[in-house]
Peer 1: 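The following block contains the structure, expressed as structure tokens.
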There are 2 protein chains.
Amino acid sequence: MNLAKMQAVMSRRFDGLSVHGIGFTDFAILYLIHQAPGGRLRRTDLAEKAGLTASGITRMLLPMEKTGLVAREASERDARVSYAVLTPAGRRIFEEAKETANAIAKEILPADITRNQSLTELFKLLGTTI
Amino acid sequence: MNLAKMQAVMSRRFDGLSVHGIGFTDFAILYLIHQAPGGRLRRTDLAEKAGLTASGITRMLLPMEKTGLVAREASERDARVSYAVLTPAGRRIFEEAKETANAIAKEILPADITRNQSLTELFKLLGTTI
DNA sequence: TTGAAGTACTTGACTACTCAAGTATATGGC
DNA sequence: GCCATATACTTGAGTAGTCAAGTACTTCAA
């Protein structure tokens, strides 16, 4: 229950990203592509990292391709895979949204560093147990 | 990102509840009604506790009313509110599903108590900061 | 070198929500 | 007593996913 509520509160808070015309998941996707080696990610890997299914990624990326935030790039080695890359517009929106996201994160997390630390520690913990 | 993934993994794990014919949110709803004082909850309060909107509750409860897990109870004082209560069938299913949920939770959480403790502590922490 | 099994992705049909607007009732100040 | 404002809930339309099935390609072993 706490988890569901927490999740609900989190994504509600990050609604501030909508000023950039993107949602929380879109931001996550831009982030993941941005920091991937070579600035590109196979859709399958993107799905795994974002905690979605492959079909979820197809559907999320469709409007993002239409509005020109991300683009497809074929693989030279494997005709099945297509990479997701950021367009210049996508990079720009991501940088802007990152500022907003950071501001929101700072607002949510207390200034108190010890708390912040236990938070990251907690996430680490959850990462290992799941 | 971690949060989204964690949430995804969690609800995937709790798919085991489907043997009882209910999902994770349904279980949460049964739980919340069950442990409410008087065994009943205003739909609004249920929404707040479950981290949903009022309309989300309306839609979740609709099939649960049809299959006879929960029922409506009018308020004597306020004609606007209707309480959600468990039917005998709902109570039975809840008790059965609780066993399953506990088993899943034990499987997910490590036997190590210190970890478990920091987990609950973390949740407490998040409760205060959000 | 071919065919069986596996992987990457898309699509159709569905679920579980959300928000905005609407209905019904309650409350508090005048 | 009556109106403005607020609260509880429902409903229509839309979004963000899921799963199962299908297509296209790859790999590997006989």
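So that the names make sense, note that chain A is the first sequence line, chain B the second, and so on, each numbered from 1.
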Peer 1: In whole angstroms, how far is the P atom of D:dG17 from the CG atom of A:Asp26?
Peer 2: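 It works out to 8 Å between those atoms.
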
Peer 1: Using heavy atoms and a sub-4.0 Å distance, could you list which residues of residues 73-82 of chain B are near DNA chain D? By number, please.
Peer 2: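 Heavy-atom contacts with DNA chain D come from B:Arg80, B:Val81, B:Ser82.
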
Peer 1: Would you indicate, yes or no, if C:dT7 has its OP1 or OP2 atom less than 4.0 angstrom from a side-chain nitrogen or oxygen of A:Thr44?
Peer 2: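 Indeed not, no polar side-chain atom of A:Thr44 lies that close.
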
Peer 1: Rounded to whole angstroms, how far apart are CD1 on A:Ile57 and P on D:dC19?
Peer 2: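 Spelled out: CD1 on A:Ile57 to P on D:dC19 is 14 Å.
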
Peer 1: Looking only at atom types and distance, does a side-chain atom of A:Ser18 sit under 3.5 Å from a main-chain N or O of A:Gly21, one as donor and one as acceptor?
Peer 2: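 Looks like no, no N/O pair under 3.5 Å.
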
Peer 1: Are any non-hydrogen side-chain atoms of B:Arg91 and B:Leu30 less than 4.5 angstrom apart?
Peer 2: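 The answer is no, as the side chains (C-beta and beyond) never meet within the 4.5 Å cut-off.
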
Peer 1: Between atom CZ in A:Phe24 and atom P in C:dC17, what is the gap in whole Å?
Peer 2: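 One finds 18 Å between P of C:dC17 and CZ of A:Phe24, rounded.
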
Peer 1: Should side-chain heavy atoms under 4.5 Å link Ile, Leu, Val, Met, Phe, Trp and Tyr, which residues sit in the same cluster as B:Tyr83?
Peer 2: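 For the cluster that includes B:Tyr83, the remaining residues are B:Val81.
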
Peer 1: So what does A:Thr58 touch, heavy atoms closer than 4.0 Å: a base, only the sugar-phosphate, or nothing?
Peer 2: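 The residue A:Thr58 makes base contact.
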
Peer 1: Show me the pairs that pass ring-ring contact (aromatic ring centres under 6.0 Å, His included) and involve residues 39-77 of chain B, at least two apart or across chains.
Peer 2: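 Checked against ring-ring contact (aromatic ring centres under 6.0 Å, His included) - neighbours excluded - no pair reaches residues 39-77 of chain B.
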
Peer 1: Taking only Watson-Crick and G-U wobble pairs with both distances under 3.5 Å, what dot-bracket line describes DNA chain D, where [ ] shows pairs that cross earlier ones and | shows pairs with another strand?
Peer 2: ||||||||||||||||||||||||||||||

Peer 1: If you measure from OG1 on A:Thr87 to CZ on A:Phe94, what distance do you get to the nearest 0.5 Å?
Peer 2: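 Taking OG1 in A:Thr87 and CZ in A:Phe94, the distance rounds to 13.0 Å.
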
Peer 1: Could you note down all residue pairs passing ring-ring contact (aromatic ring centres under 6.0 Å, His included) where residues 36-56 of chain B supplies at least one of them, sequence neighbours left out?
Peer 2: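 Non-adjacent pairs meeting ring-ring contact (aromatic ring centres under 6.0 Å, His included): zero.
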
Peer 1: Between B:Leu52 (CG) and C:dT15 (P), how many Å, whole number?
Peer 2: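 About 17 Å, once rounded to whole Å.
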
Peer 1: Both A:Pro63 and B:Tyr83 contact DNA chain D. Taking the nearest nucleotide for each, which residue is further toward the 5' end?
Peer 2: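 Closest to the 5' end, via its nearest nucleotide, is B:Tyr83.
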
Peer 1: Rounded to whole angstroms, how far apart are CD on A:Glu65 and C1' on C:dC9?
Peer 2: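 Interatomic distance, CD of A:Glu65 to C1' of C:dC9: 12 Å.
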
Peer 1: Quick one: which of C:dC19, C:dT10, C:dC9 gets closest to the side chain of B:Thr53?
Peer 2: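 So the nucleotide nearest the side chain must be C:dC19.
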
Peer 1: Looking only at heavy atoms, what is the nearest atom pair of B:Ala36 and B:Leu41, with distance?
Peer 2: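 For B:Ala36 and B:Leu41, the tightest heavy-atom pair comes out as CB-CG, 3.6 Å.
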
Peer 1: Can you pull out the residues from residues 34-43 of chain B that lie within a 4.0 Å heavy-atom distance of DNA chain D?
Peer 2: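 Contacting residues: B:Arg42, B:Arg43.
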
Peer 1: Out of the candidates B:Ile22, B:Ile93, B:Thr100, only one should pair with B:Phe27 under the side-chain contact (heavy atoms from CB on, under 4.5 Å) rule; please name it.
Peer 2: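 So, applying the side-chain contact (heavy atoms from CB on, under 4.5 Å) to B:Phe27 and each of B:Ile22, B:Ile93, B:Thr100, only B:Ile22 qualifies.
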
Peer 1: Any side-chain N or O of A:Arg72 below 4.0 angstrom from OP1/OP2 of C:dT10?
Peer 2: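 Checking C:dT10 against A:Arg72, a side-chain N or O does come within under 4.0 Å of OP1 or OP2.
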
Peer 1: Could you tell me how far apart A:Phe27 (CZ) and D:dA16 (P) are, to the nearest whole angstrom?
Peer 2: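 Going from A:Phe27 (CZ) to D:dA16 (P), I get 17 Å.
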
Peer 1: Is B:Glu73 salt-bridged to B:Arg43, cutoff N-O under 4.0 Å?
Peer 2: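 Salt bridge between B:Glu73 and B:Arg43, a charged N being under 4.0 Å from a carboxylate O: no.
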
Peer 1: Are B:Val70 and B:Val85 packed together at the side-chain level, in the sense that at least one heavy-atom pair is separated by less than 4.5 angstrom?
Peer 2: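 The answer is no, as the side chains (C-beta and beyond) never meet within the 4.5 Å cut-off.
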
Peer 1: Return yes if the base of D:dC19 and the side-chain atoms of A:Ser55 contain a donor-acceptor N/O pair under 3.5 Å, otherwise no.
Peer 2: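 Answer is yes: a donor-acceptor pair is held.
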
Peer 1: I'd like to know if A:Glu95 pairs up with A:Arg92 as an ion pair, taking the criterion as any Lys NZ or Arg NE/NH1/NH2 lying under 4.0 Å from an Asp or Glu carboxylate oxygen.
Peer 2: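 Between A:Arg92 and A:Glu95 there is no salt bridge, as every charged N stays at least 4.0 Å from the carboxylate O atoms.
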
Peer 1: Whole angstrom is fine here: how far is it from CG in A:Leu62 over to P in C:dT10?
Peer 2: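 After rounding, the reported distance stands at 9 Å.
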
Peer 1: Checking B:Asp26 side chain against B:Gly23 main chain: does a donor-acceptor pair fall under 3.5 Å?
Peer 2: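 Yes, the answer is positive, given that a donor and an acceptor are paired below the 3.5 Å cut-off.
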
Peer 1: What is the distance, to the nearest angstrom, from the NZ atom on B:Lys49 to the P atom on D:dA8?
Peer 2: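 In whole Å, D:dA8 P and B:Lys49 NZ are 14 Å from each other.
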
